[in-house]
Q: 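Here you go, one structure.
Numbers for residues simply follow the sequence, beginning at 1. Values in this document were obtained by computation on a predicted structure and should not be read as measured data. Numbering of ligands and ligand atoms starts at 1, following listing order.
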Amino acid sequence: EAKKSPLHFLHIDDYDKKTILHILERAIEVKSLLKSGDRSFQPFKGKSIAMIFTKPSMRTRVSFETGFYLLGGHAIYLGPNDIQMGKREETRDISRVLSGYNDLLMGRVFAHQDILDLAKFSSVPVINGLTDYNHPCQIMADALTIMEHGGKLEGVKVVYVGDGNNIVHSWLRLAAVVPIHFVCACPQGFEPDQRTVEAAKRAGVSTIEIVHDPKAAVVGANFVYSDVWASMGQKDEATFRMQKFRGFQVDEALMALAGPQAYFMHCLPAERGVEVTDGVVEAPYSIVFPQAENRMHAQNAIMLHVLGL
Ligand code: CP
Ligand code: NVA
């Protein structure tokens, strides 16, 4: 029988601009409802989500679990030792079994292929909660935070300083559908994936620059963005990377170069004193905590969208 394939959320540019903006508008709506204390909106009543984690997490785990619960549903956390994806059992078997019990799956995994496999074999929507390649839920939350603090998303200048990692890939994929000015300032040899850069440029929607001088890059930025230099799975390279990334710390002087209009953003967790100073995280222009809070609201809207609610 021909079954309709579920709607997944794996990469931001799997969706068009209209849909992305619609999800963000929905996030604002449901956020204000939840913030008012209203708990009458229970679209996930009678539904469950299974969340597979092969990496550590605070924000992703708690924001998905609490968000799904607040809207009436039940969330199940499966930690690294529970399923042992690919070791105890193959991903394609896990996907088919879990999607038989649940209305939604979320995965935080190492290899990007694992989230693609989960989606391929699942009979229910799969949401990407971070892979080595990308982190779309984070950048949706960031876009929401930018709308709230900058008044708009389109046309803003975002300057990312650091490693060309999963966060950057999701920024590039957002820039492929929503017009922004996105600059990644990274050390030589730590550029984002070439094919992703080219695809984002080819989309012709945004101004995209990959550069190596953070001081020149940040001037006029509306948002300066930082992330760890050694991502999960690279922690043994921390010392080596610390040397390679010298000059890429976001400190008070760099924020001053950016200008008084610039906000500071970080997906967290942050290593204070490494990629960012304590003073910048604590400064009035830092919006890292509203950003973290928005994970829940952006994801609630993503879950509503993929469930067709
Ligand atoms: N930003 C983010 O994804 O945080 P966690 O790793 O704590 O989930
Ligand atoms: N680049 C970081 C993001 C953490 C939310 C990592 O992958 O560890």
Q: Is it the side chain (CB and beyond), the backbone, both or neither of N166 that lies under 4.0 Å from ligand 2, heavy atoms counted?
A: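 Side chain only.
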
Q: Anything under 30° is parallel, anything over 60° is perpendicular, the rest tilted; go ahead and classify Y133 against H11.
A: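 Judged by the thresholds at 30° and 60°, the geometry between Y133 and H11 is perpendicular.
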
Q: Do T60 and R295 get their side chains close enough for a donor-acceptor pair, meaning under 3.5 Å?
A: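 Checked: T60/R295 side chains pair up, N/O donor to acceptor below 3.5 Å.
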
Q: Short list, please: which atoms of ligand 1 are under 4.0 Å from a heavy atom of H135?
A: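 Every atom of ligand 1 under 4.0 Å from some heavy atom of H135: 2 (C), 3 (O).
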
Q: Who gets closest to atom 2 (C) of ligand 1 by heavy atom: R295, K55, M58?
A: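 Among R295, K55, M58, the closest heavy atom to atom 2 (C) of ligand 1 comes from R295.
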
Q: Among N166, L268, T60, whose heavy atom sits nearest atom 1 (N) of ligand 1?
A: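 Going through N166, L268, T60 one by one, L268 has the nearest heavy atom to atom 1 (N) of ligand 1.
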
Q: Determine, stepwise, if the pair K55 / D132 fulfils salt bridge (charged side-chain N to carboxylate O under 4.0 Å, His left out).
A: CA-CA 10 Å; K55 286 173 172 171; D132 287 347; 2.6 Å; yes

Q: Please identify which atoms of ligand 1 are closer than 4.0 Å to at least one heavy atom of C267.
A: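 That gives atoms 1 (N) of ligand 1.
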
Q: Under a plain distance cut-off of 3.5 Å, with no hydrogens placed, do D38 and S36 share a side-chain donor-acceptor pair?
A: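 Side-chain D/A pair, S36 to D38: absent.
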
Q: Quick one: does D132 get a heavy atom under 4.0 Å from ligand 2?
A: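 D132 does not count as a contact of ligand 2 under the 4.0 Å cut-off.
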
Q: Report yes if some N/O of L130 lies less than 3.5 Å from some N/O of ligand 1; otherwise report no.
A: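 No, there is no polar N/O contact under 3.5 Å.
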
Q: Measuring from the heavy atoms of R108, does anything fall under 4.0 Å of ligand 1?
A: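 The answer is yes, since R108 has a heavy atom less than 4.0 Å from ligand 1.
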
Q: Is there a nitrogen or oxygen of R59 sitting under 3.5 Å from a nitrogen or oxygen of ligand 1?
A: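 By distance alone, the answer is yes.
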
